[in-house]
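Working notes, structure below.
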Amino acid sequence: MSRIIIINGPNLNLLGVREKGIYGDQRFETYFERLRAQVAGVELSYFQSNHEGAIIDKIHEVGFSDDGIVLNAGAYTHTSLAIADAIAAVTTPVVEVHISNVYAREPYRHHSYLAKNCKGVICGFGLDGYRLAVESLLTK
Ligand code: DQA
């Protein structure tokens with residue numbers, strides 16, 4: 001059975017509460033339970049942290065054993081060389097996800113430090129982007 005983890009970064013614990021016009025009104029936990037049921041045959045887990053170091057620790061912890069990482073690093077996407085280095089350091093493929101279409105937003109959201117070290121990037125499809133990312137990791 002494939003093991004895939006979804007890692008959400010800062011402020012994504014407030015999905016369903018935060019800026020609903022951009023991120024929607026669904027709590028991530030509710031969406032995650034539905035997704036887990038949809039992707040039977042995958043051992044899907046979830047981790048969220050508002051702290052850069054904790055995200056890096058989690059990437060190190062799972063990045064040599066899990067089959068895939070789905071990473072929405074939130075604003076750290078646009079700032080964090082340290083998370084970029086963590087992705088480069090591990091062997092597990094990482095797919096970068098954004099709920100919103102970051103290219104239709106402020107220019108400072110157009111650059112990702114992480115994308116270059118990722119298998120691919122999915123953005124602008126709302127929460128469904130997480131499912132698309134899981135599917136892409138299951139497709140060899
Ligand atoms: C986000 C986009 C980022 O620019 C922003 O800082 C977030 C969420 C997204 O999922 O659309 O926190 O990663």
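We use all heavy atoms of the structure for the numbers below, so side chains are in, but hydrogens, waters and symmetry mates are not. Atoms within each ligand, like the ligands themselves, are counted from 1 in listed order.
Ring geometry for His78 versus His98: interplanar angle under 30°, hence parallel rather than tilted (30 to 60°). Note on ring orientation: taking the six-membered ring where Trp is involved, the planes of His111 and Tyr113 are perpendicular (angle over 60°, cut-offs 30° and 60°).
Here the side chains of Leu132 and Glu135 are not in contact, with every heavy-atom distance at 4.5 Å or above.
Side-chain atoms of Ser112 and Glu96 form a donor-acceptor pair, as typed in the model, at a separation below 3.5 Å. There is a side-chain donor-acceptor pair under 3.5 Å between Asn50 and Gln48. Between the side chains of Asn8 and Tyr130, a donor-acceptor pair is found at a separation under 3.5 Å.
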Between the protein and ligand 1, which nitrogen or oxygen pairs come in under 3.5 Å, and how far apart is each?
{"from": "ligand 1", "atom 1": "4 (O)", "to": "His78", "atom 2": "NE2", "distance (Å)": "2.7"}
{"from": "ligand 1", "atom 1": "4 (O)", "to": "Arg109", "atom 2": "NH1", "distance (Å)": "2.9"}
{"from": "ligand 1", "atom 1": "6 (O)", "to": "Ala75", "atom 2": "N", "distance (Å)": "3.2"}
{"from": "ligand 1", "atom 1": "6 (O)", "to": "Arg109", "atom 2": "NH1", "distance (Å)": "3.1"}
{"from": "ligand 1", "atom 1": "10 (O)", "to": "Asn72", "atom 2": "ND2", "distance (Å)": "2.8"}
{"from": "ligand 1", "atom 1": "10 (O)", "to": "Ile99", "atom 2": "N", "distance (Å)": "2.8"}
{"from": "ligand 1", "atom 1": "11 (O)", "to": "Ile99", "atom 2": "N", "distance (Å)": "3.2"}
{"from": "ligand 1", "atom 1": "11 (O)", "to": "Ser100", "atom 2": "N", "distance (Å)": "2.9"}
{"from": "ligand 1", "atom 1": "11 (O)", "to": "Ser100", "atom 2": "OG", "distance (Å)": "2.6"}
{"from": "ligand 1", "atom 1": "12 (O)", "to": "Arg18", "atom 2": "NH1", "distance (Å)": "3.3"}
{"from": "ligand 1", "atom 1": "12 (O)", "to": "Arg18", "atom 2": "NH2", "distance (Å)": "3.1"}
{"from": "ligand 1", "atom 1": "13 (O)", "to": "Asn72", "atom 2": "OD1", "distance (Å)": "2.8"}
{"from": "ligand 1", "atom 1": "13 (O)", "to": "His98", "atom 2": "ND1", "distance (Å)": "2.8"}

